[in-house]
Amino acid sequence: MVRQSERDLRAAEPYIAATRFGLGMGPDDLEAMDGRPRIWLAAQTEGPASGAASRVDDPDWAAARALVGRFRASRRELHAQRRGAASPEESTRIAEELLHLDKHFVNQGRRAQRRAFLRLTHEAITTPEPFKERLVRFWTNHFAVQSKNRSTKLLLPFYEAQAIRPFVTGRFVDMLLAAESHPLMLTFLDNERSSGPNSPKGKRRNLGMNENLAREILELHTVGVSGGYGQTDVVQLAEALTGWSVALQPGDAGDGYGEFIFRADLHEPGAVAVMGKTYPADGQDQAEAILRDLAAHPSTARHIAFKLAQHFIADDPPTEDVEALADVYLATDGDLGAVYRALIARDNPWGAPLGKLKQPWDYAFSSLRLLGLKPDESEIENVASHLIEMGQPFFRPPGPQGWYDRIADWADPSSLLVRARWARKVAQDATPDVDPIEAADRALGELLGEHTRETVRAAPGPRDALALLIASPEFQRR
Amino acid sequence: MILDRREMVAGFGAFSLASLVGGKSAHAATGAAARLVVVNLRGGMDGMAALAPYGDPLYRKLRGPLALPAPGAGPEGLLKADGLFGFHPGLINLHKMFHRGELLAVQGVAIPYRTWSHFEGQDVLGNGTQSPKEQTGWLNRAVAALPTRAANAEYERSALALGGLLPMMMRGPGQVASWSPAGGVGRERGFAAQLRTLYAEDPLFARLWGDVEAANRLAGNAGLPDPAKTEFRRFADLMDASAGMLNANDGLRILTLETTGWDTHAHQGGHDGKLASRFAELDRGIGRLRARLDSAVWRRTVVLVLTEFGRTVRGNGTRGTDHGTGGLAIAAGGAVAGGRIAGDWRGLSDRDLYASRDIFPAVDMRSLIKGILRDHIGLRERALETTVFPDSRDAPGLEGLIA
């Protein structure tokens, strides 16, 4: 992109705000910006994200957990029956019943995820705070989780609402604590049964410790891979985290399946030392103290600054931007809202060309937002399967590191073909009164290149033209 | 203005492989051209479960409940390779190939960068350097380094990443294509032409769309079924499709595939269970490839199975294993000088392990790959040391891998 004059830059600002920071231009965004796109963005850096929920007093969460509890109890009962079966025929019959139950269980999980995806899609399409919604996706990816089994499948949709949305513009430490203590994270990274070698149960049963959660906290969530920790720190943090567990059956402390509980009999006794600081024995609070310090660590500031700059500015973000954001993080005790406002105030996000590629979910949502299309329950499956084909199954990141964020990670021929197909489909679904050139100007404004404009104009029909707009490099970039 | 493919070739550097369009194969006289299939096992495959050192007295003690019964102990026992090692009971085809001299197991293999992080490990495995920074891959650079053919011959893309997004090893300026069952042959030819125009002035999109069209042609030539109607989710099915493309006289020469599910931290199982079913799927796939390839082609094929790192020697508290260092690599194919266990197995005593927990990283991954690229594909030592694996003089290519 050719760097333009002051005036041109000013004219492009609303479109940069919508594309680089938001979910693309929707029907009401330009008006909402009211000629001041940076203020529009800054206003979105306060308060929780829409759909935030509490793990403590959410009746839906309690109901979902109770449902999972019932499934698990039924399974246990059927297994017991099978063990005491009087005949092989009875054993087979019970085995079939188990199969049906499991299928039902899995289907409930699938439906729960589909409903959640539908809500998320609608939110992305209609939200007046698309920057905040982008940040929700960013942090859900930073603290990526996967569902490990049928039980967690049903509960997965609650994770983002409880661990991310309430804290997205608040203090990083609060999001960190919510994410690491969330049952989904504890089961995903195998911490629920991790036991200290000298813990009461560990000594008796010769159980073992699992380093997974500790490693990913250091490597991915806080200080980062070059943040200055070593293998000893991983082990020590893992020891502190033993006991951070999840209620698995009735009779566990807590109010039923799927809630956080601290298992003192698995907790490794004694003090630990992580990254040069000693933490005395303190039960459940020992790991919390470590996490608080990690949240305040300069390496964490740099790591988060880098990731945000890489996500919003460029694959190789300018060092001065990373440093500026890290400084603000440290100066404000990890106030993410302040960091976002500092990002908006930098020059590079406004002057640098839009070279990154939209990830599949971003691409799909921004095209629906532009055209004001809202898929219903019968259509949402189609959206989800397109995302899978583009290489991004929505609730299934490839691992704790989440989705990668660089151009090379998404610049792929087969993914491009699927995006072209998506563009075609969305163009077909658009209402007949949409004018392709008007939509192109509305979507991209000053960011629309001459060649794309001409190719869209020269298309054989309005559906083709619209499809070409959605498939264009300008619309796929941010 | 549509970019002339020759311009793209000139722009992106030397390109070609021993394949051409039109059936005028220069190899008709000398026999089939070399084929290389690289299978990337993502997650850190437990090499000690794949090829277990049952003959070491420390094996059973260290592996505890994860240790497998010695060969001869019934259907759950290891399949004997030699007095020390046995294959996992699920690796039936690989075991057969081993004894036919078609499989080489390489012990103690590791990337030249110490990390227990998947994404760093995979990045280094793919980029062929000593750190995760580099964003192009060794296989892409290898394709770009192959000798050019006559100036007026038409080139077809002969390197394909099968199954989705382009893996790191295939990224870079060298001309490769990717094909995913979901993104195969499209019917909308008119729209495709409009897209070609749309992308013409954007180098990234022009190149990607060119690859889409090339891959479609390749898939079309191989007679692949309509992806909309085919169940391609299993590795064995992908290998089946690969065989078709590799058999063609003027078709594919280099292919990459990936499988996941190897990160077995919890309840990995023994003779059955999670890991066993991954082994069975891998084994089925390679067996299927061997069965479907023409014998002349199989004789000139190497299937290289790699992973970013091995796993801990001891099990962890959740009946699984954690990320390790040294691991197992496998080279299978008619072209392989197999029937032996190569590499460097140091043993399981505490001083022989790495950090007292992992298998010792004795063999640089690059040395293994170099040996194959040099002796099987015909890349020159100099190219291997400078462009394909930059700064790799301390990792000389292994000898004697190819028959």
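A, B, ... follow the sequence lines: proteins, then strands. Residue 1 opens every chain. Bear in mind that the values here come from a model prediction, so they are computed numbers and not experimental data.
Nearest heavy atom pair, residue B/Leu198 against residue A/Pro473, reads CG-CD, 4.3 Å. The minimum heavy-atom distance between B/His265 and A/Asp190, with the atom names listed, is CB-OD2, 3.5 Å. Residue B/Phe191 comes nearest to A/Ala420 through the heavy atom pair CE2-O, 3.6 Å, listed as atom of the first residue, atom of the second, then distance. When all heavy atoms are compared, the tightest approach of A/Leu417 to B/Trp209 is CD1-CH2, 3.9 Å. The two residues B/Asp211 and A/Pro413 come nearest to each other via the heavy atoms CB-CG, 3.5 Å.
Once rounded to the nearest 0.5 Å, the distance linking CG of A/Asp316 with CD of B/Gln135 reads 9.5 Å. Atom CZ of A/Arg419 and atom CG of B/Leu195 lie 13.5 Å apart (nearest 0.5 Å). Distance check: A/Glu211 CD to B/Asn316 CG gives 8.5 Å after rounding to the nearest 0.5 Å. Interatomic distance, A/Glu219 CD to B/His118 NE2, rounded to the nearest 0.5 Å: 9.0 Å. Atoms CD and OH, from B/Gln122 and A/Tyr404 in turn, are 8.0 Å apart once rounded to the nearest 0.5 Å. The line from CG of B/Asp263 to CG of A/Asn212 is 7.0 Å long, rounded to the nearest 0.5 Å.
Here the side chains of B/Trp116 and A/Gln231 are in contact, with some heavy-atom distance below 4.5 Å. The closest side-chain heavy-atom distance from B/Gln194 to A/Pro460 is below 4.5 Å. Looking at heavy atoms from C-beta onward, A/Arg477 lies in side-chain contact with B/Phe205 at the 4.5 angstrom threshold.
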Item checked: salt bridge (Lys or Arg N to Asp or Glu O under 4.0 Å) between A/Asp412 and B/Arg171, intermediate numbers included -> CA-CA 9 Å; A/Asp412 182 80; B/Arg171 288 195 207 162; over 6 Å; no
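For the set A/Arg215, A/Arg193, A/Lys148, A/Glu216, the entry with the most heavy-atom pairs within less than 4.5 Å of chain B is A/Arg215. If you tally non-hydrogen atom pairs under 4.5 Å between each of A/Ile407, A/Val234, A/Asn210, A/Ile388 and chain B, the highest count goes to A/Asn210.
Side chain of A/His451 to main chain of B/Thr197: a donor-acceptor pair is present (N/O by atom type, distance under 3.5 Å, no hydrogens or angles).
No part of A/Ser194 comes within reach of chain B, as not one of its non-hydrogen atoms sits under 4.5 angstrom from that chain. Using a 4.5 Å cut-off between heavy atoms, A/Glu454 makes no contact with chain B at all. Only the side chain of B/Arg357 comes within less than 4.5 Å of a heavy atom of chain A; its backbone N, CA, C and O stay farther away. Contact annotation for A/Ser195: neither backbone nor side-chain heavy atoms come within less than 4.5 Å of a heavy atom of chain B. Heavy atoms of A/Leu189 lying under 4.5 Å from chain B are absent altogether.
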